[in-house]
Amino acid sequence: MKKEIFEKKAYDPFEFEEKIYNFWIPYFKPRGKGKPFIILIAPPNITGSLHLGHTLQNVILDTIWRYKKMQGYDSIWFPGIDHAGIATQNVVEKELRKEGLTRFDLGREKFIDRVWQWKEKYGGIILEQFKKLGLALDWSRVKFTLDKEYVAWVEKAFLDYYKKGYIYRDLRPVNFCPRCQTSLSDLEIEYKETEGELYYIKYPLKLGGFVIIATTRPETMLADVALAINPKDEKNFHLVGKIALLPIINRELPIIVDQRVDPKFGTGILKVTPAHSLVDYEIGLRHQLPLISVIDTQAKMTDVSEFSGLDYLTARQKIVDRLKELNLIEKIEKIKHNLPVCERCKTELQVIPSKEWFLKMKDLAQLAIRAVKNKEVEIYPAKFKKPYFDWLRNIRDWCISRKIWWGQQLPVWYCQNCGDEKYVVSFKKPKIKCSQCKKSNWQRTEEVFDTWFSSALWPFAILYYQKEKKWYPADLVASAREILQLWIARMIFSGKFFMKKTPFKTVFIHPTVLTKEGKRMSKSLGIGVDPLELIEKYGTDALRFGILFQMSAHQDLRFDERPIDQGKKFLNKIWNAYRFYFLTISKHKVLKENSLSSADKKILASLKITKNFVNRKIEDFELGLALKRIYKFFWHELCDIYLETWKGETKNNPQIFRQVMLESLKLLHPFIPHLTQLIYFSFGQKKPLFFEKWQ
RNA sequence: GGGCGGGUAGCUCAGUGGCAGAGCAUCACGUUUACACCGUGAAGGUCGUGGGUUCAAAUCCCACCCCGCCCACCA
């Protein structure tokens, strides 16, 4: 690539970008020279394709990678992808549905084969798309969260936790999707506003009279074990300590006090149903109430009285009819309320008790809190520390098991003769005998890990479990806001627990990319923008420019396509500025004296100011402001003024011209890597531009 | 319900105590030998509303209105 390329008046990114990327690839590896600057990538889901969130996040990191490299650091980051449990399983199930099949038709083994096929076909797509963004990733070390070594790490972590008493198995109410047939974490739940009925039901008191309870779910009343009121509720306080009778089956219900009751809802009296409500379960724990379940995993009534086997909606109607016969319905009101539905399939969820594996969070949350308080990790912008601390301070134990099929199986073995009450936690099939049946007939559980349990260990796998074992911890990770708790917090306590060190020093919570109207982008609503289409239209450098130009470290970004067009024009401006440079410079002999014209002095001063400003702003993650300053410098100070002084007679110094043009190229490179590399070749250079020193 | 952020030119946004800014869009002029994906210039704003502090407020304080995001979820 020589100077002849400048015969063209306009820059065509499509002719060069891919070639330049391929030229760089070998140089993206760690060089082993200089102080490492390590970036931790957020592994995209194998279901994913590039969206503007990924684009922003990774372009920020790549810009910093190149900046740091030019500061003399050995910048390093590795690519990887996440198996993403439920998300992937549901995508494959959707494919099956087109063939008229469900996963149960295939059976577990064949279904998992299908998911692996899917992974082989689509798993790497988003990584290929990362190449299109020009990311300086070391492609010789791609990791996947179901790689053999990775799986071993996750098992080892589980065993460690287990040996130290952090893991337990318990029967607990969990959010359960009757369609997906699995428990879900809080984060996999959506709420849908729905019009429903609020039933006011009379519960007789044992010593005469009655109280009225408001509920939207009468079918769960058969699992009631108490009634509760708020301690500040003076109106109802006289009821405390009395006994109520559960209609239809006449179970005795103590009336207790608990602060979780909202005195303003309904009559201010809550029926406590620990098996089918998470709040009620908490109340139940505090008051040592029993756990009675009346709904099963199919959302059908279990074996209680005459309602057994009915689905929950039919049962609701029958129970209401019966209460009406007994004259125990005071009134029925319309109410708007939020129904919990499965994030993936939108089925209404049931809270039901299920045997699940839990991780004790109290100590671990403390580790994560202290790590940030002691500044072992810095969270930027600082305003995100509050939600981080709030979440950790109010944390519940983490349900880490899922009953889906796609994922990593727990290293847990159940006795085939005695059932799942007898189990062994072990890496390999246990040889010991069951304490009950005295036989060794162990079967590995089909339960899999919550995908976030696996992701929480990502830094070990990608940084430590490289052969060199020397990249842990990272310097920087960037994250979307909504996974601050799900991912970032969990990586922090996992790192502190297993490695005694936080997995990274700085977390940058980047802005959310919103639509022009300020709404969240959403594929299902059809208001997303596809970055690949933008690349096809404008090229990678222009996209990078456009998105970084709009970016602020503190504020969300309302996406606007115009700055990308502006970027395309800017690239052309740069192209032509260097065309002019190469045409002009050949006509001028290098001066022997180091005399500077006033234009020379002015542009050098301006370059220095710009550089200092850009340094400061990049360190503060204010890439938008940095780029705006560079834009102003290059276009308006360099092109509009300084270059003009080279037309006609000039007293300028050609050495300064060369110096300024080379320095500008370096300044632009982290933001606009491809074009600047191309022009760098025209200066007779054969190395990557990011090997140049920034200052 | 709790938390966080935003409201500045038609649009997207800079600007945190000292004469209101940029890009795009608009208008006028200019085919000046790097670039019409250009240049020169113009027009355009009661800085959400009301009050307060100050010599001075877009900027600091208080109240309110509107918009958005995150978290929790009311039985």
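If you're wondering where the values come from, they're calculated on a predicted model, not measured in any experiment. What's counted below: heavy atoms across the whole structure, side chains too, no hydrogens, waters or symmetry copies.
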Check: Base, sugar-phosphate, or nothing for W646(A), non-hydrogen atoms under 4.0 angstrom?
Finding: nothing

Check: If you look at every strand shown and take non-hydrogen atoms under 4.0 Å, does L625(A) touch a base, only sugar-phosphate, or nothing?
Finding: sugar-phosphate

Notebook entry, point to check: Base, sugar-phosphate, or nothing: which does S552(A) touch, judged by heavy atoms less than 4.0 Å apart?
Noted result: sugar-phosphate

Margin query: From C-beta outward on Q555(A), which listed nucleotide comes closest to its side chain: A14(B), C74(B), C35(B)?
Written below: A14(B)

Note to self: salt bridge (Lys or Arg N to Asp or Glu O under 4.0 Å) for K346(A) and E190(A)? Distances and angles first, verdict last.
What the structure shows: CA-CA 8 Å; K346(A) 315 297 177 197; E190(A) 273 180 13; 2.9 Å; yes

Next item on the list: For C29(B), give its Watson-Crick or G-U wobble partner with both distances under 3.5 Å, or none.
Entry: G39(B)

Margin query: Can you check the distance between G10(B) and U26(B), where both ends of the measurement are the C1' atom (answer in whole Å)?
Written below: 9 Å

Next item on the list: Between G48(B) and U12(B), how far apart are the P atoms? Round to whole Å, please.
Entry: 15 Å

Check: Between K611(A) and E663(A), is there a salt bridge with N-O shorter than 4.0 Å?
Finding: yes

Item checked: Watson-Crick/G-U partner (both atom distances under 3.5 Å) of G5(B) -> C67(B)

Next item on the list: May I ask you to say what E561(A) touches in the nucleic acid, namely base, sugar-phosphate or nothing, with a heavy-atom cut-off under 4.0 Å?
Entry: nothing

Check: Can you check the H276(A) NE2 to C73(B) P distance for me, whole Å?
Finding: 18 Å

Checklist line | Candidates G39(B), C35(B), C73(B) - which lies nearest the side chain of R396(A) | finding: C73(B)

Next item on the list: Whole angstrom is fine here: how far is it from NZ in K568(A) over to P in C38(B)?
Entry: 11 Å

Next item on the list: Identify whether any heavy atom of D560(A) sits under 4.0 Å from a base atom; if not, whether one sits that close to sugar-phosphate; answer base, sugar-phosphate or nothing.
Entry: sugar-phosphate

Next item on the list: Using atom OH of Y631(A) as one end and atom C1' of U12(B) as the other, report the distance to the nearest whole Å.
Entry: 14 Å

Next item on the list: Could you pick out which residue, F384(A) or T220(A), lies toward the 5' side of RNA chain B when each is mapped onto its nearest nucleotide?
Entry: F384(A)

Notebook entry, point to check: Rounding to a whole Å, what distance do you find between R393(A):CZ and G3(B):C1'?
Noted result: 14 Å

Checklist line | For C24(B), the Watson-Crick or wobble partner whose two distances fall under 3.5 Å | finding: G10(B)

Next item on the list: Pick the P atom in G3(B) and in G39(B), then give their distance to the nearest Å.
Entry: 50 Å

Check: Is any side-chain N of the basic residue among R316(A) and E219(A) closer than 4.0 Å to the acidic one's carboxylate O?
Finding: yes

Check: Under the 3.5 Å rule, do the base of A14(B) and the side chain of E622(A) count as making a donor-acceptor pair?
Finding: no

Notebook entry, point to check: Of all the choices, G5(B), C69(B), C35(B), which nucleotide is nearest to the side chain of L514(A) once you look at every atom?
Noted result: C69(B)

Next item on the list: Write down the distance separating the P atoms in C4(B) and C19(B), rounded off to the nearest Å.
Entry: 32 Å

Give every donor-acceptor pair under 3.5 Å between a side-chain atom in residues 565-575 of chain A and any protein atom, sequence neighbours left out.
{"unit_1": "Q566(A)", "atom_1": "NE2", "unit_2": "Y631(A)", "atom_2": "OH", "d": "3.3"}
{"unit_1": "N572(A)", "atom_1": "OD1", "unit_2": "Y11(A)", "atom_2": "N", "d": "3.0"}
{"unit_1": "W575(A)", "atom_1": "NE1", "unit_2": "K8(A)", "atom_2": "O", "d": "2.9"}

Next item on the list: Scan N394(A) against the nucleic acid and name what it touches under 4.0 Å (heavy atoms): base, sugar-phosphate only, or nothing.
Entry: nothing

Check: Rounded to the nearest Å, what distance is computed from the CZ atom of residue F545(A) to the P atom of nucleotide U12(B)?
Finding: 18 Å

Checklist line | Candidate nucleotides C4(B), U12(B), A34(B), ranked by approach to the side chain of Q550(A) - the nearest | finding: U12(B)

Margin query: Measuring from the side chain of K386(A) (C-beta onward, heavy atoms only), which nucleotide among C37(B), C71(B), G3(B) has the closest atom?
Written below: G3(B)

Next item on the list: Look at K385(A) together with E378(A) and state whether they make a salt bridge at an N to O cut-off of under 4.0 Å.
Entry: yes

Note to self: So if I take every side-chain heavy atom of R558(A) and compare against C73(B), U12(B), C35(B), which nucleotide ends up nearest?
What the structure shows: U12(B)

Check: Any side-chain N or O of W391(A) less than 4.0 Å from the OP1 or OP2 oxygen of C70(B)?
Finding: no

Margin query: Does C13(B) have its OP1 or OP2 closer than 4.0 Å to a side-chain nitrogen or oxygen of K628(A)?
Written below: no

Check: Is NZ or CZ of R544(A) both nearer than 6.0 Å to the six-membered ring centre of F671(A) and within 45° of the ring axis?
Finding: no

Margin query: My understanding is that a pair needs two contacts under 3.5 Å, Watson-Crick or G-U wobble. By that rule, which nucleotide pairs with C47(B)?
Written below: none

Check: Hey, are K647(A) and T645(A) close enough side-chain-wise for a donor-acceptor pair under 3.5 Å?
Finding: no

Margin query: At 4.0 Å (heavy atoms only), tell me whether T512(A) reaches a base, stays on the sugar-phosphate, or touches nothing.
Written below: nothing

Notebook entry, point to check: Does G18(B) have a Watson-Crick or wobble partner in any strand here, with both distances under 3.5 angstrom, and which is it?
Noted result: C55(B)

Notebook entry, point to check: How are the rings of F508(A) and H510(A) set to each other: parallel, tilted or perpendicular (split at 30° and 60°)?
Noted result: tilted

Check: What's the closest nucleotide to the L643(A) side chain, out of G23(B), A34(B), U40(B)?
Finding: A34(B)

Item checked: N/O donor-acceptor pair, side chain K573(A) with base C35(B), under 3.5 angstrom -> yes

Checklist line | Whole-Å gap separating C1' (C69(B)) and CZ (R481(A)) | finding: 6 Å

Check: Once you round it to whole Å, what is the distance between P of G68(B) and CZ of F559(A)?
Finding: 21 Å

Margin query: Side chain of V279(A), heavy atoms from C-beta onward: which of U40(B), C73(B), C4(B) has the nearest atom to it?
Written below: C73(B)

Next item on the list: Using only heavy-atom distances, decide whether a donor-acceptor pair under 3.5 angstrom links the side-chain of R562(A) to the base of C11(B).
Entry: yes

Note to self: Once you apply a heavy-atom cut-off of 4.0 Å, does V272(A) come out as touching a base, just sugar-phosphate, or nothing?
What the structure shows: nothing

Check: Taking the same atom, C1', in A43(B) and in C29(B), what whole-Å distance lies between them?
Finding: 14 Å

Next item on the list: Let me know the distance between CG of L548(A) and P of C13(B), rounded to the nearest Å.
Entry: 16 Å

